[in-house]
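Each chain gets a letter, A, B and so on, in the order its sequence line appears, and its residues count up from 1.
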Amino acid sequence: MSLAVTIKEAASSAIKELYAIELGADDITLNETKPEFEGDYTIVLFTLVKQLRKSPDALGKEIGDKMVLSEPSLFTAYNVIKGFLNLSIADTYFTIYLQKNSAKGLTGKVTPTGKKVMVEYSSPNTNKPIHLGHLRNNFLGWSVAQILKAAGNEVMKTCIVNDRGIHICKSMIAWELFANGATPESTGIKGDHFVGDYYVKCEWQIRQEAAELSAKVDADDYAAFSDANKQKLIELKELSSAIAGDTDKDKERLKKIEDDKKEIIRAATPLMKRAQQMLVDWEAGKPEVIELWKKMNGWVYKGFDVTYKRIGSDFDKTYYESETYLLGKQTVEEGLAKGVLFRKEDGSVWIDLTAEGLDEKLVLRRDGTSVYITQDLGLAEEKYKAFPYDKSLYVIADEQNYHMKVLRLILQKLGMPYADGIFHLSYGMVELPSGRMKSREGTVVDADDLVDEMVKEAAKKTSEKSKVDEFSEAELNELYETIALGALKFFLLKVDPKKRMVFNPEESIDFHGFTGPFIQYTHARLKSILRKAEVSEQFAIGNMQLETLEKELLLLLEQYNDVLQQAAMEYNPAAIANYIYSVAKVYNSFYTVHSVLKAENEEKKQLRLQLCKLTANVIKEGMGLLGIKVPERM
RNA sequence: GGUCCCGUAGUUCAAUGGAUAGAAUAGAAGUUUCCUAAACUUUAGAUGCAAGUUCGAUUCUUGCCGGGACCA
């Protein structure tokens, strides 16, 4: 049982004895005591005033007296200031804790919850390489899965690969047109980048064609368009000429008209038509299209494998959209039978979510083809069959909030037993100082490039510091990777997932302060000490007096399990990151003030060695939860 | 037009309704005969605006202003 819980229970039993009122641990507000006051933990008395009908000061005195009296080995003193009851915890509590825990690692202590949790994350598209935004997703998903495992859950990591669709066809078309049979092997370009380049080429070409078509449209040449679209374009033209365009509202309307026009023109370009046709051929299973598709996706997967391995993402099960995109139609049928869904006159199927404050939502087109949400309905079913979960997390960016809300609602209305367990772990987008990353404008930060650059930076910094002269080249390279990825992962995980964050390529690559390398460095220093002296587990340290910083450190270390539980409950790796950082920070302060190897006496030395060992363990495990390795030396 | 999210030092991030709002960076000033100075110490600097609930509000409610996302 953690110290915080122990204190709460002690308080609640004191209150019970004093006032014959039963309070649960949750009714007691417990904080760490602010440094300017005497004490370690603080009970906020205001919350108790109403129920116990006494002044805060009187309550503090009575409860404090009672607690110190009934558990003298735990509480050594108390004071009451302005409605706060500050309790001092006996040093022996910490020394005993230290002795118990320094020897063993911390993992495996948690009791299994018996709960199954599925975590879906990463979910890449096979038309472009992984970028910075994906990295946040990958790190977050992996870390949350790890945290949930550590908290005693059975976890299954899944990935849904978006391997079909019009965007995939675009890369294929461009490759056919421009590649002359080139391959990743022949060019030496990583497969995912290779394919991504053709996607970009295709987009670029489409824009050229669209510009030409647009000029024709402006000259009233509609030869390239169907009658219906010709009509629409003419209408749009008339509409826009009717708008004055000087107010903001007008400008907005004009922009919308312009966008509609662009969309129609884009769709009429030869390349878009070809891509559309290719998608039809793909769905029809046309052999040469399927073959090309397999070949190009194969290149992409080879590239992804390299990146995934490097950044440490892995999955227990991978779903492919090409295999799931037809799913969900049966679910729609069931929904119709149950009357949850309804069919409109044109044959399309909808769900009415107006009662929930949302709109009507299309779930099946009138020609019977799927929309995005159709297959998500089907995939949800598949996932539950494969792993009957209590919770199913979808790690998806917050731009999908509406979509995920609808998905969950539909499944709930259909009465699916797993619907309530669905949770959208929504995270904010990563932005650049100049704003949102846009692949069309080429402002996307590529993951491979970014990691390379950080490795280079890590190598430079390490050679400046040079405490690893005896390392082989292979060991050095491993160290650089460890530091670079440590910096990157920590940077992306230290922020609350829900919040949008800004990545500044120049400034964010930092190895000082609140960063991964700072913690890695602290760990290396710890290990350096531990290599120089034997830690004797048998040594009795039970009755020693603690220095302020020793106690402060132990107080923090003792909270490890509570923090883990909290992080698991909130699906929030940032809670771990913040905690580990404060551990490292306090340790560094301790390190400068007190010597371990040259401690005042042998007992102190042993105590501090054990303290070092426990600190190193906590740092290693905590960083492990974030997917960050800590080096033995750096 | 509708729904949702976000506004905290110059900048990037913290803060289960609790005490004088924490860090990091950038700025200023220091600390290497001693376990790794990627460290440590000192210093200055912030809750968008206006009401409300409360003993107490960065946190909850409402309105406004500003930024973003989505739906149509």
Side-chain angles (χ1 to χ4, degrees), chain A residues 4 26 29-37 42-47 49-50 55-56 81-84 86 249 252 256 353-354 356-362 397-406 426-429 431 433 435-436 458 461-462 464-468 483 486-487 491 494-496 498-504 506-508 510-533 562 566 569-570 574-575 577-579 581-582 584-599 605 608-609 612 631-634:
Chain A
D26 291 341
T29 308
L30 188 74
N31 296 323
E32 258 185 70
T33 304
K34 300 257 173 188
E36 55 269 33
F37 300 103
T42 297
I43 292 172
V44 182
L45 298 162
F46 297 106
T47 54
V49 167
K50 259 188 206 152
S55 77
I81 299 169
K82 290 199 292 186
F84 296 90
N86 302 320
K249 250 196 177 154
E252 220 170 89
K256 187 138 194 313
L353 299 174
T354 46
E356 283 77 16
L358 305 174
D359 304 296
E360 287 186 353
K361 181 90 187 168
L362 177 73
D398 60 8
E399 57 187 356
Q400 302 279 346
N401 282 356
Y402 184 81
H403 177 83
M404 288 306 297
K405 209 167 163 183
V406 170
S426 163
Y427 64 91
M429 312 284 274
E431 291 181 2
R436 196 173 167 181
K461 282 270 160 54
T462 306
E464 283 167 13
K465 308 292 175 190
S466 178
K467 286 150 206 153
V468 286
I483 294 171
F491 180 84
K494 74 180 179 187
V495 181
D496 182 337
K498 287 189 287 293
K499 294 201 172 163
R500 268 184 297 154
M501 65 185 297
V502 177
F503 182 85
N504 185 334
E506 278 80 45
E507 292 170 12
S508 298
D510 201 349
F511 297 156
H512 301 274
F514 188 11
T515 67
F518 168 88
I519 296 165
Q520 290 173 322
Y521 173 72
T522 307
H523 181 262
R525 288 216 295 198
L526 276 158
K527 280 323 209 30
S528 174
I529 291 177
L530 291 168
R531 275 193 298 275
K532 293 188 170 102
D562 284 351
Q566 192 204 339
M569 202 177 68
E570 297 173 352
N578 280 295
Y579 167 74
Y581 172 67
S582 55
K585 188 124 182 71
V586 172
Y587 177 78
N588 280 328
S589 295
F590 159 80
Y591 179 95
T592 19
V593 179
H594 303 291
S595 179
V596 176
L597 298 177
K598 292 183 181 158
K605 181 174 168 185
R608 288 181 186 160
L609 279 171
C612 286
E632 296 291 308
R633 49 186 96 201
M634 68 185 270

Ring geometry between A/Phe46 and A/Phe84 (parallel below 30°, tilted from 30 to 60°, perpendicular above 60°):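 It falls in the perpendicular class, over 60°.
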5' priority, RNA chain B, between A/Lys256 and A/Met429 [closest heavy atom]: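 So the residue in question is A/Met429.
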Most 5' of A/Ser528 and A/Lys34 on RNA chain B, judged by nearest nucleotide: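 With A/Ser528 and A/Lys34 compared, the 5'-side residue is A/Lys34.
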Pi-cation contact, A/Tyr581 with A/Lys494 (under 6.0 Å, within 45°):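 Checked: cation-pi criterion not met.
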Quick one: is [X] getting a side-chain N or O under 4.0 Å of the [N] phosphate, OP1 or OP2?
X: A/Tyr521; N: B/A38; value: yes
X: A/Lys494; N: B/C13; value: no
X: A/Lys50; N: B/C55; value: no
X: A/Lys465; N: B/A38; value: yes

Tell whether [X] reaches the base of [N] with its side chain through a donor-acceptor pair below 3.5 angstrom.
X: A/Thr42; N: B/A19; value: yes
X: A/Asn578; N: B/A24; value: no
X: A/Thr522; N: B/A38; value: no

Distance between P atoms of B/A23 and B/C65 (Å, rounded):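 So the two P atoms sit 36 Å from each other.
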Listed nucleotide nearest any side-chain atom of A/Lys405, set B/G67, B/C4, B/C40: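 Of all the options, the side chain of A/Lys405 is nearest to B/C4.
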Base partner of B/G17, which must satisfy Watson-Crick or wobble distances under 3.5 Å: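 With both distances under 3.5 Å required, B/G17 matches none.
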Counter-base of B/U11, judged by Watson-Crick or G-U geometry with both distances under 3.5 Å: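 In the structure as shown, B/U11 has B/A24 as its Watson-Crick or wobble partner.
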For B/U25, glycosidic torsion class - syn if within 90° of 0, otherwise anti: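 B/U25: anti glycosidic orientation.
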